[in-house]
Number of protein chains: 2
Amino acid sequence: MKMGEYTRMSGRLSDEIFFSLFAVLFLAFGYVMNQFIQKKKIHKETLPNEVQRIDQAKISELKISRREYQVLELIHLGHSNQEISKQLFISESTVKSHVSSLLQKLDAKRRTQAIKTAKELQIL
Amino acid sequence: MKMGEYTRMSGRLSDEIFFSLFAVLFLAFGYVMNQFIQKKKIHKETLPNEVQRIDQAKISELKISRREYQVLELIHLGHSNQEISKQLFISESTVKSHVSSLLQKLDAKRRTQAIKTAKELQIL
DNA sequence: CGATTATTGGTACTTTAGTCTCACTCGATT
DNA sequence: AATCGAGTGAGACTAAAGTACCAATAATCG
């Protein structure tokens, strides 16, 4: 479509009406264009800040087992090994085993550090 | 300014150029218009979800001192008492003192629980 | 200035946490 | 059948974490 075509349109549409139609059209286009730009921004900036769901892929990537992850969640809630053992119906020895392997897999020295790392990896 | 004025413009500007100028103008207007709408949305929806700044009032309400809070922050980063003592240039005994009073003030039994509670209270 | 609070630190002690090694079971895989 | 990973757990430690009590000094406030 070329500019100036409006002169070749049917006589029923006056220049003014046709012109305003184009104006509205571009107005809408500018609006939609901005929508796309905004969505891009949301995907690259806003989403990582607000949504942050758990990265299931990274969990298996680190070879964290189902049981280990449950322990990690309870650590995150501030529970002691003894409390965790009661909630999972296992001995405290077993909890310690899980915690130890968790710390290795998360490359942490303490459980508090494990929590921090796990959040950074979006595992928690 | 009325529609159709372009016919009365100087001959140097062809209809096409003038028309496209208007098109760009409306395009820009549509863009800016959307910008305002987006900013409104951000102010009414996004901000309350993402900001969640630290509640300074609650900190003094719980009578958490400046030093205690610094310790809390370092605990949050996963540091040990020894590491904290080195970073704050104080003895580990002092760190333990701060941690103990912190746990009391936050009504926590462990430092991991203190982290959780502090976040719930929007102190961290 | 006197009172209060914050900060610091020590000692002694108890409790959690964490490591290391070994071992048994169970289910899935090869 | 043999292997492997996951889950379980014991024992003996070492290392952190946390409590209780006490006390000195600095800073702040009325």
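Every chain is numbered from 1 and lettered A, B, ... according to where its sequence line falls, protein lines coming before strand lines.
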*For I84(B) and dA17(D), give me the distance from atom CD1 to atom C1', rounded to whole Å.*
11 Å
_Identified side-chain contact (heavy atoms from CB on, under 4.5 Å) counterpart of I84(B) within the set L77(B), I75(B), V99(B)_ = I75(B)
_Interatomic distance where CD belongs to E92(A) and C1' belongs to dG18(C) [whole Å]_ = 11 Å
*Find the distance L102(A):CG to dG18(C):C1' and express it as a whole number of Å.*
12 Å
*Which part of the nucleic acid, if any, lies within reach of T94(B) when heavy atoms closer than 4.0 Å are counted: base, sugar-phosphate only, or nothing?*
base
_What is the separation between atom CD1 on I115(A) and atom P on dG18(C), rounded to the nearest whole Å?_
10 Å
*What is the nucleic acid contact for S91(A), judged by heavy atoms within less than 4.0 Å: base, sugar-phosphate only, or nothing?*
sugar-phosphate
*Should S65(B) be listed as having a side-chain N or O under 4.0 Å from OP1 or OP2 of dT7(C)?*
yes
*Find the distance Q104(B):CD to dA17(D):C1' and express it as a whole number of Å.*
15 Å
*Return the value, rounded to whole Å, for the distance between atom NZ of K96(B) and atom C1' of dA20(D).*
12 Å
*Could you walk me through whether L88(B) and L74(B) pass side-chain contact (heavy atoms from CB on, under 4.5 Å), step by step?*
CA-CA 10 Å; L88(B) 298 183; L74(B) 294 175; 4.0 Å; yes
*Return no unless some side-chain N or O of R110(A) is found under 4.0 Å from OP1 or OP2 of dG18(C).*
no
*Below 4.0 Å: OP1/OP2 of dG18(D) and any side-chain N or O of S100(B)*: no
*Report yes if the side chains of E73(B) and L124(B) come closer than 4.5 Å at any heavy-atom pair, otherwise no.*
yes
*Would you kindly give the CG-to-C1' distance between L103(B) and dA20(D), to the nearest whole Å?*
14 Å
*For R111(B) and dG18(C), give me the distance from atom CZ to atom C1', rounded to whole Å.*
14 Å
*Look at H98(A) and dG7(D) and indicate whether a side-chain polar atom (N or O) is within less than 4.0 Å of OP1 or OP2.*
no
*Would you kindly compare S80(A) and E68(B) by the position of their nearest DNA chain C nucleotide and give the one closer to the 5′ end?*
E68(B)
*Quick one: is dA16(D) close enough that its OP1 or OP2 comes under 4.0 Å of any side-chain N or O from N81(B)?*
no
*If we ignore angles and hydrogens, is there a donor and acceptor under 3.5 Å between the side chains of T94(A) and S91(A)?*
yes
_Stepwise side-chain contact (heavy atoms from CB on, under 4.5 Å) test for L62(A) and L106(A)_ = CA-CA 8 Å; L62(A) 292 172; L106(A) 289 173; 4.0 Å; yes
_Taking only side-chain N and O atoms of S97(A), does any of them lie within less than 4.0 angstrom of OP1 or OP2 on dG9(D)?_
no
*Think R66(A) has a side-chain N or O under 4.0 angstrom from the OP1 or OP2 of dA6(D)?*
no
_Is the phosphate of dT8(D) approached by R67(A) (side-chain N or O, under 4.0 Å from OP1 or OP2)?_
yes
